[in-house]
A.B. asks: 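Take this structure first; my questions come after.
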Protein chains: 2
Amino acid sequence: MLSQSELNTAKRSVLFRNVPDQMLQNLLSDSHKRKVARGATLFVQGDPATHMFVILEGCVKLIRITPGGEEIVVAVYSEGDSFGEAVALKGGQYPVTVEAVQDSVLLQVETRVVFDTLRSDPDLAVAMLSSTFSHLHELVMEIENLKALSGAQRLATFLISLAPVEDGPCSLVLPYDKVLIAKRLGMKPESLSRSFANLRKQGVSVKRQSVDVDDITQLKEFVSDDA
Amino acid sequence: MLSQSELNTAKRSVLFRNVPDQMLQNLLSDSHKRKVARGATLFVQGDPATHMFVILEGCVKLIRITPGGEEIVVAVYSEGDSFGEAVALKGGQYPVTVEAVQDSVLLQVETRVVFDTLRSDPDLAVAMLSSTFSHLHELVMEIENLKALSGAQRLATFLISLAPVEDGPCSLVLPYDKVLIAKRLGMKPESLSRSFANLRKQGVSVKRQSVDVDDITQLKEFVSDDA
DNA sequence: GAAGTTGATTGACCAAGATCAAGCCCTTGG
DNA sequence: CCAAGGGCTTGATCTTGGTCAATCAACTTC
C-alpha cells in the first residue's frame, strides 16, 4: 500500500524515527493512505480527534478561524512532519483546522490503533512525546518571534530556516505562495512585500518564487540586532 | 515528605489526575520537593532536561531571553500545573528559562524515574501526552491571540480567563503584578495601562490588584468584535 | 518623618504595520 | 490576440503600540 519512497519518508519522520521496525510495521499495516487535493480540508477545529497524521508528500496548513471569520495560520507542515499526535491520545477535539496547501498524501493512523500499540509498547510513547515536544518548541519560538521581532526580522528568520547553507551566499525557492507566507509570519501580504523590500539592504533579492541571499550571516546579524 | 494538602494538589493536577493511585505512589516516593524563593531560577534555557515539575504552591514564569537580552514571557503557571513533561522524555535541553514569580514549592521528578515508570505502565504515557497537549493547545491559542487581537482585546481575554463566572458582573484579583501581566500579554507596562483605560468603556474598573467587571458577556463581545 | 525606591499612570512623539486604492505582470481561456 | 483574474507591489493615509519623560502614590529604609 505504501510505496518504497513513502515508507522511507515515514521512517525518517520525527514521529517514527525512533520507533522499532517491528512496531512500525504493526502501526503502518493498520493505517491508511489518504490523498487530498490542494485546498481540501482534512478536518476542522472542533471535530473529534480520531486520527493522527504523517505527511508523506505535499504540504498542509494548520489554521484557526476567528469569531470574525479571519484565518490565522498557526503552522505549516510538509513532508516528514506529523501532527495531531497528542490530541489523538487525549481524545478531545482538534484545536485547529487543517487544509492542504498543495495536492498531498498523508498517512492517517486511527487513535484506537495508537492507543493499543501504546499499551503494548512504551517506546511509541517516548517517540510521540518526543515529536510533540518538537511542536511545543516550535510554537515557543514562534511566540518569541512574534513578541520580539519586527516583520522584516521574522521574514529573515524564515529565509534562514529555508537556506541550505549556514553562511555565505545562497539561492532558495519559496515553498508556497506569498499570501500564505505572510499569514504564517503574522502579517498582511502588503507588509510582506515591504519586508522583502526592506531586506534588499541586507543583500536579499526576490524574483517571483526564487530568492537570492548574498550572505546568510548578514541576515542572522540583522535578526539579532534589536535596535 | 508531602503534606496532605500538597498530595491533594498533586492528585488534582492535570498531569496526575488520571494516573492510578498505585503508580502515583511509586512516582511520588521517588521524587523530591523543592522550594524556590521568589525571583530564583529553576533552570535556564539550554540546560540539560533532567526533571519534570508539578507546582504544589506558588507561581512560575517560563521565559526566553533574546540575543539582545530582552525577556519574553512564554507562559505563567501556578498551583496544579506541570511543565517539562515532554522534554524530560525527549532528553534534550530545556527550551525556556523558568523563574519563580513568588515563593513556590515544586514537585520534581527525575527523567529516569518517569522513563522507568512509563515502561511499566502506559497510563502514565497517556497522562503525559494529555497534559503536553494542553500546553500545545494553550500555545496555539496564544499565537492566535497575538496575531489577531489588539492589546485591549488580549487583556480582556486574560480577564475573562480569570473570571469566576461565565456571564454577568464579577470582581477578581490580579494574580501577579502588572509588569508581568504586560509581558505575558506581549506588551509594555504603559500599553497595559492604556488597555485598562480602554476597557473602562466596557465596564471594567481597576484599583491596584483588584478588578471589577460589570458584565463578562460584554467583554466577550468586545473580544469577538474585529472591527 | 524625610528621602529614596518601586509600581503605575499619563502625555507627547515616533515608528511599524494595517488599510484602502491603484496599478502591474503573468497566466488562462476564449 | 485580447480580456479577465489572481498574485504581487507600491503609494497615501491612519491606527496601534513603543519610547521617552514627567508625575504620583505606596512602601521601605535610615
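Naming convention: chains lettered A, B, ... in sequence-line order (proteins, then strands); numbering from 1 in each chain.
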A.B. asks: With distance as the sole criterion, is a donor-acceptor pair present between the side chains of B/Asp167 and B/Thr217 under 3.5 Å?
C.D. replies: no
A.B. asks: Check whether any side-chain heavy atom of A/Ile143 sits under 4.5 Å from a side-chain heavy atom of B/Leu139, and report yes or no.
C.D. replies: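 Answer yes - side chains close enough.
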A.B. asks: Please report the interatomic distance CG(B/Leu155) to CG(B/Asn145), rounded to the nearest 0.5 Å.
C.D. replies: 11.5 Å
A.B. asks: Do the non-hydrogen side-chain atoms of A/Cys170 and A/Ile216 ever get within less than 4.5 Å of each other?
C.D. replies: yes
A.B. asks: Mind checking whether B/Phe53 and B/Tyr94 have parallel, tilted or perpendicular rings, split at 30° and 60°?
C.D. replies: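 B/Phe53 vs B/Tyr94 ring planes: tilted.
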A.B. asks: Return the NE2 to NZ distance between A/His137 and B/Lys90, rounded to the nearest 0.5 Å.
C.D. replies: 8.0 Å
A.B. asks: Under 3.5 Å, which protein N or O atoms sit close to an N or O of nucleotides 21-29 of chain D? Give each pair with its distance.
C.D. replies:
none

A.B. asks: For A/Gln209 and D/dC8, what is the distance between atoms CD and C1' respectively, to the nearest whole Å?
C.D. replies: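 The answer, rounded to whole Å, is 11 Å.
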A.B. asks: Check whether B/Phe196 forms a cation-pi arrangement with B/Lys178 (NZ or CZ under 6.0 Å from the six-membered ring centre, at most 45° off the ring normal).
C.D. replies: yes
A.B. asks: Can you find a heavy atom in the side chain of B/Val213 that is under 4.5 Å from one in the side chain of B/Ser171?
C.D. replies: no
A.B. asks: Could you tell me how the ring of B/Tyr77 sits relative to the ring of B/Phe83: parallel (under 30°), tilted (30 to 60°) or perpendicular (over 60°)?
C.D. replies: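 Rings of B/Tyr77 and B/Phe83: parallel, as their planes differ by under 30°.
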A.B. asks: With side chains defined as the heavy atoms from C-beta onward, is the minimum distance between B/Met187 and B/Ser195 less than 4.5 Å?
C.D. replies: yes
A.B. asks: Tabulate protein N/O versus nucleotide N/O from nucleotides 14-17 of chain D, keeping only pairs under 3.5 Å, one per line.
C.D. replies:
from	atom 1	to	atom 2	distance (Å)
D/dG17	OP1	B/Gly151	N	2.4

A.B. asks: Roughly how many Å is it from CZ in B/Arg194 to C1' in D/dC20, rounded to a whole number?
C.D. replies: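 These atoms are roughly 11 Å apart.
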A.B. asks: Taking 5' to 3' order, which nucleotide of DNA chain C is first and which is last to have an atom within less than 4.0 Å of a heavy atom in chain B?
C.D. replies: C/dA8 to C/dA12
